[in-house]
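Worksheet: the structure to be examined is printed underneath.
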Number of protein chains: 4
Amino acid sequence: MPNEESRRPHTGRRRNEEARRAILDAAVELIGRDEGPVTIDTIAAAAGVGKQTIYRWWPSKGAVLLEAMAERATADVPVTDTGSLAGDLDAFLLATFRSAGTGRTAPLLRMVMAEAQRDEQVAEVMRDFIAKRRAALRGVLERAGGRGEIRADADLDLMVDQAFGVLWYRILIGHAPLGENEARELGRSLVIQSRP
Amino acid sequence: MPNEESRRPHTGRRRNEEARRAILDAAVELIGRDEGPVTIDTIAAAAGVGKQTIYRWWPSKGAVLLEAMAERATADVPVTDTGSLAGDLDAFLLATFRSAGTGRTAPLLRMVMAEAQRDEQVAEVMRDFIAKRRAALRGVLERAGGRGEIRADADLDLMVDQAFGVLWYRILIGHAPLGENEARELGRSLVIQSRP
Amino acid sequence: MPNEESRRPHTGRRRNEEARRAILDAAVELIGRDEGPVTIDTIAAAAGVGKQTIYRWWPSKGAVLLEAMAERATADVPVTDTGSLAGDLDAFLLATFRSAGTGRTAPLLRMVMAEAQRDEQVAEVMRDFIAKRRAALRGVLERAGGRGEIRADADLDLMVDQAFGVLWYRILIGHAPLGENEARELGRSLVIQSRP
Amino acid sequence: MPNEESRRPHTGRRRNEEARRAILDAAVELIGRDEGPVTIDTIAAAAGVGKQTIYRWWPSKGAVLLEAMAERATADVPVTDTGSLAGDLDAFLLATFRSAGTGRTAPLLRMVMAEAQRDEQVAEVMRDFIAKRRAALRGVLERAGGRGEIRADADLDLMVDQAFGVLWYRILIGHAPLGENEARELGRSLVIQSRP
DNA sequence: CCCTAAACGAGACGGTACGTCCGGTCTTAAT
DNA sequence: ATTAAGACCGGACGTACCGTCTCGTTTAGGG
């Protein structure tokens with residue numbers, strides 16, 4: 001690790017961006033295809049990369065998956081302001097469900113969540129990631145509160161967890177779909193329960 | 001495999017119920033104590049049992065944990081009828097949170113859920129278990145509907161998933177507590193959103 | 001598998017010669033000490049090596065022991081030419097008995113022979129090894145035949161098998177010693193029976 | 001092992017002798033057929049017998065095989081007196097080779113010898129058995145000595161071990177046949193080397 | 001234009017857990 | 001009381017992954 005002064009700016013070969021991409025893509029691809037176990041070895045082989053190249057940049061398999069997941073999530077779910085709680089929720093939840101419910105992403109999320117249960121390091125980064133997503137949704141609710149759309153004694157954190165809870169619960173168990181209708185219905189139920 | 005007539009009733013030694021108990025208890029105990037990894041070997045050793053005795057009756061570690069989990073859940077969460085949606089929900093959610101949020105049970109649930117993401121056999125039994133718990137809560141809501149306490153266009157399945165979603169989401173991420181206050185607040189929000 | 005041109009010379013870490021030595025030595029040591037069972041696990045532990053490192057290079061425990069045995073045998077029994085059958089036999093048998101009858105080697109030979117009875121792969125390599133040893137002794141006899149020291153109708157293969165038969169029989173049963181006197185007496189009996 | 005008097009003729013279910021035969025036959029049969037491993041379980045199953053019935057009468061698998069082997073050996077090799085060393089040796093060795101070289105017996109002998117290398121109890125009984133066979137052959141030689149057919153300084157024990165050594169060596173390695181010609185040639189070589 | 005340090009693909013390494021097999025003991029109902 | 005069936009404890013097997021450690025090669029600065 002370079003020190004803060006960076007006295008010797010750099011010598012030697014730089015990180016290969018292609019390898020990074022190949023690793024993340026191979027990981028997602030393997031999880032999505034669901035053929036056999038997804039291990040560091042299979043990821044490395046699928047990416048045409050040595051194992052050490054993975055361990056040089058990530059501490060564990062969970063970290064790789066986590067980065068792949070985070071990459072997709074931040075790209076897909078920008079927060080928009082439509083002027084009404086109903087509109088904002090709809091936009092947020094539709095984008096979120098579309099991103100998370102997708103064929104390739106859902107298995108990835110399942111894997112990351114499973115990994116976080118075994119690996120405390122992954123769990124920690126996961127909590128950070130989750131905190132950001134929750135803050136985004138809570139921001140939507142707080143803005144609506146500023147507009148007087150939410151009853152004073154509403155538990156915003158609980159509402160946030162109801163939204164993400166439904167999402168994760170259905171992803172992990174797979175007993176119900178995660179389509180646009182479900183996103184809208186969920187938005188509606190949150191609007192109703194928060195009315196002053 | 002014995003046929004439905006059970007023509008050949010049984011020969012040979014019977015299953016040792018003490019061993020079964022020791023295995024399930026050891027598994028829960030080890031997960032709860034959180035000292036080192038919980039493996040089939042450590043469970044067998046802690047239960048004073050040969051590994052084969054575990055594999056004779058369960059196909060995998062996940063199946064053992066699942067059975068231990070199911071045992072506790074059915075014992076702890078009977079459905080009661082208080083006459084009102086608010087009362088019924090309170091009773092159900094308080095019992096559920098108390099059971100699931102307990103020191104020993106929460107790590108067990110996390111482990112089982114993680115296992116279900118890797119092992120399709122576990123996932124299948126998990127889905128059965130989850131379906132029963134959801135049916136119980138849905139029963140509470142339907143009874144309230146019969147009393148006219150619920151608006152006609154409410155999505156009962158979504159409400160059920162909001163409740164269990166919050167529960168699992170908080171267990172798996174661990175960002176918020178799962179105490180009596182949270183149970184009550186959750187019940188209240190469900191009552192509000194379902195009012196006609 | 002490298003072709004004859006060796007187009008791709010080699011990539012990746014090379015076989016660790018120290019590990020190989022440690023494994024073979026540990027195996028012989030454990031058999032010699034006769035404390036508890038000699039298993040792949042105990043060999044690996046004694047050699048400070050992972051089990052997989054053993055299985056990467058040998059197909060079975062028998063193969064490990066066989067290699068250890070072959071190593072010792074070729075080192076210890078060079079063929080010498082004294083000019084007379086009696087002298088050559090004496091030299092060969094003394095060296096052979098000294099090598100095979102040694103404290104550490106005899107238990108090794110017993111183990112290998114036992115293993116060869118269960119494992120056809122070991123048996124095959126064993127037959128190769130045995131064939132070489134038999135050829136060496138037969139060479140001694142043929143050289144004597146060239147000098148006219150052996151009757152025409154002598155069955156050289158039978159004589160060879162008498163020599164090695166006595167050796168193995170006594171090693172396996174342990175009813176008689178395998179010292180210098182026995183080697184000399186055996187040599188004498190072979191000389192006598194082969195006289196023209 | 002049932003005593004010779006059968007003092008307590010019967011209580012409870014009676015099948016002992018049949019079971020004993022079935023076990024010994026099944027063991028030999030399984031070893032001879034060479035299909036899959038020969039374990040206590042497979043022997044019990046093939047004999048239509050419970051495992052406990054085997055362990056009631058024999059201390060280990062090796063003991064079963066040993067008894068099967070001993071049964072055949074004593075039946076097949078009576079010592080005869082033809083009046084000459086050459087004749088006696090021929091008779092003894094032909095009978096021995098015929099018995100040991102047989103399709104079903106040779107694999108049995110290999111198995112027993114292998115077992116004796118691992119199990120000291122089997123080794124002990126094996127040494128007894130071997131001692132008897134050696135004594136029988138030594139008796140033949142001593143009788144010839146009494147007739148003046150053997151030189152004074154011949155090492156009778158060595159000659160005995162040469163004979164049995166060839167036999168076992170070829171059985172265990174399988175590099176040469178064990179037919180009538182080999183028996184006769186072996187007898188001839190022993191006669192030659194013992195001539196006064 | 002070479003030198004040197006880092007990153008790379010390959011793959012062997014020490015280690016842990018897996019799920020299976022087998023040996024020898026114990027328990028059950030039937031005979 | 002003995003049997004066949006079969007569950008039990010213990011322990012070795014051979015495999016799969018993990019995360020680390022060499023190898024020899026490739027690549028990008030700095031001299």
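Not measured: the values here are computed from a predicted model. First the proteins, then the strands, lettered A, B, ... as listed; each starts at 1.
- Partners of A70(C) according to the side-chain contact (heavy atoms from CB on, under 4.5 Å) rule, which considers only residues two or more places apart in sequence or in another chain, are F129(C).
- Rounded to a whole Å, the CD atom of E18(A) is 13 Å from the C1' atom of dA7(E).
- For the OP1/OP2 pair of dA12(E) and a distance below 4.0 Å, the side-chain nitrogens and oxygens of R20(C) include no atom meeting the criterion.
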Requested in this report: List the protein contact pattern of nucleotides 13-19 of chain F with one symbol per nucleotide (5' to 3'): B for base contact, S for sugar-phosphate-only contact, - for none; contact means a heavy-atom distance under 4.0 Å.
Outcome: SBBBSSB

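- The phosphate of dC8(E) has OP1 or OP2 within less than 4.0 Å of a side-chain N or O from W57(A).
- For K61(C) (side chain) and V38(C) (main-chain N/O), a donor-acceptor pair under 3.5 Å exists by modelled atom type.
- The nearest whole Å value for the distance from the CZ atom in R21(C) to the C1' atom in dC13(E) is 18 Å.
- Atom CD of E17(C) and atom P of dA12(E) are 15 Å apart (whole Å).
- Atom C1' of nucleotide dG14(E) and atom CZ of R15(C) are separated by 16 Å, given to the nearest angstrom.
- For the pair R14(B) and W57(B), the cation-pi criterion (under 6.0 Å, within 45° of the ring axis) is not fulfilled.
- For N16(B), counting side-chain heavy atoms from C-beta on, the closest listed nucleotide (dC8(F), dG14(E), dC8(E)) is dC8(F).
- Here R118(C) pairs with E115(D) in a salt bridge; the nearest charged N to carboxylate O distance falls below 4.0 Å.
- Contact check on E71(A) versus R20(A) returns a salt bridge, with a Lys/Arg side-chain nitrogen under 4.0 Å from an Asp/Glu carboxylate oxygen.
- Proximity of R13(C) to the phosphate of dT22(F): a side-chain N or O atom is located under 4.0 Å from OP1 or OP2.
- At least one side-chain nitrogen or oxygen of R14(B) sits closer than 4.0 Å to the OP1 or OP2 atom of dA29(E).
- Rounded to a whole Å, the CD1 atom of I43(B) is 14 Å from the P atom of dC9(F).
- When the P atom of dA12(F) is taken as reference, atom CZ of R118(C) falls 15 Å away, rounded to whole Å.
- In this structure, E17(D) does not pair ionically with R21(D), as no charged nitrogen and carboxylate oxygen lie closer than 4.0 Å.
- Look at T53(C) and you won't find any side-chain N or O under 4.0 angstrom from OP1 or OP2 of dA12(E).
- Rounded to an integer number of Å, the gap from R56(B) CZ to dA5(F) P is 17 Å.
- In this structure, the CD1 atom of I54(D) is 10 Å from the P atom of dA4(F), given to the nearest Å.
- The residue among A45(D) and G48(B) whose nearest nucleotide of DNA chain F lies closer to the 5′ end is A45(D).
- Contact check on E120(A) versus R127(A) returns a salt bridge, with a Lys/Arg side-chain nitrogen under 4.0 Å from an Asp/Glu carboxylate oxygen.
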